[in-house]
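All remarks here apply to the structure that follows.
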Amino acid sequence: MTQLSTRRFLQTAALFAAGLLLAACGKKEEPAPAPAPVASAPAPAPARVYVVGTDAAYAPFESQNEKGEIVGFTVDVVNAVAAKAGLEVKFVNTPWEGIFNALGQGDRDLVVSAVTITDERKGTMDFSAPYFDAVQLIAVKENSKVAKFADLKKLKVGVQTGTTGDEAVSKLLGKTNTNIKRFESTPLALKELEAGGVDAVVADNGVVINYVANNPGGKFKTVSDTEIAPEQYGIAVKKGNTELLGRINKALGEIKADGTYEKIYTQYFGARPAAAEKK
Ligand code: ARG
């Protein structure tokens with residue numbers, strides 16, 4: 001650098017620094033910018049998220065995948081209903097025992113967990129129109145002699161506590177019969193059958209069929225009996241929540257009418273839904 005250009009450089013630098021200083025000082029003295037004008041419409045309330053309780057140990061209806069996400073037929077149906085009804089929903093894994101208390105206390109807005117609509121339950125919660133037909137199915141070992149429901153009378157029978165399977169077996173064997181082995185989940189009862197701790201398991205057909213198909217090593221077979229009353233699943237809401245129930249029923253009707261429901265059903269169960277499920 002020549003002497004001249006060095007001087008010029010220093011001058012320029014000094015000017016630049018002074019300018020910066022001025023700018024900084026000026027800024028300090030400037031009044032704070034006026035706040036942006038407030039829009040006349042109030043800010044939209046954060047979207048209400050409806051919490052859906054489900055006991056996610058009930059494939060293919062509701063279960064957890066490797067990532068811990070709750071997936072299954074129930075989830076797809078509820079998401080389709082929610083989309084039509086304009087509801088934002090979030091599934092929360094909830095143990096079956098206590099799931100209805102959680103609904104009653106408002107910890108869950110909906111319970112969708114392959115819940116059978118029963119008169120007794122209708123006393124403490126409200127149900128949507130039915131969305132699935134089910135029936136109790138008996139799972140036994142391949143070499144079992146059980147051919148009908150009544151054959152379970154003298155046997156050890158596994159059920160999930162508080163399910164309609166529990167109710168049916170309690171009726172047949174007597175509620176306090178120690179031959180009834182009650183489990184926290186249906187897969188646990190079926191594991192006990194595989195281990196030989198019980199002679200049979202009574203649970204919803206869809207779950208039993210799925211488990212047997214996925215556990216060929218268990219050497220199970222299933223036995224059905226038309227003596228057992230058929231059941232239907234419904235979406236449960238807190239008793240008296242007619243506003244939410246109305247929206248759900250409307251949306252459920254829409255997904256049945258426009259083919260969405262049938263698409264989901266076929267994806268999980270292959271066959272087309274029975275007429276009752278299309279109503
Ligand atoms: N449908 C039967 C009932 O309502 C069993 C449902 C159990 N559901 C579950 N996700 N564990 O009693």
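When a residue number appears, it is its place in the shown sequence, counting from 1. When a ligand or atom number is given, it counts from 1 through the structure's own listing order.
- Residues Lys141 and Gly218 share a closest heavy-atom pair of NZ-O, 3.2 Å.
- Between Phe100 and Trp96, the ring planes are perpendicular. Angles over 60° get that label, and only those under 30° would be called parallel.
- Around ligand 1 you find Asp55, Tyr58, Glu62, Trp96, Ser113, Ala114, Val115, Thr116, Arg121, Gln160, Thr163, Thr164, Asp204, Tyr233, each with a heavy-atom distance below 4.0 Å.
- Identified under the salt bridge (Lys or Arg N to Asp or Glu O under 4.0 Å) test for residues 221-232, with sequence neighbours left out: none.
- Ring orientation note: the planes of Phe132 and Tyr233 are close to parallel, at an angle under 30° on the 30°/60° scale.
- Under 3.5 Å, the side chains of Asp204 and Gln136 contain a donor-acceptor pair of N or O atoms.
- Heavy-atom minimum distance, Ser170 versus Arg182: OG-NH2, 3.0 Å.
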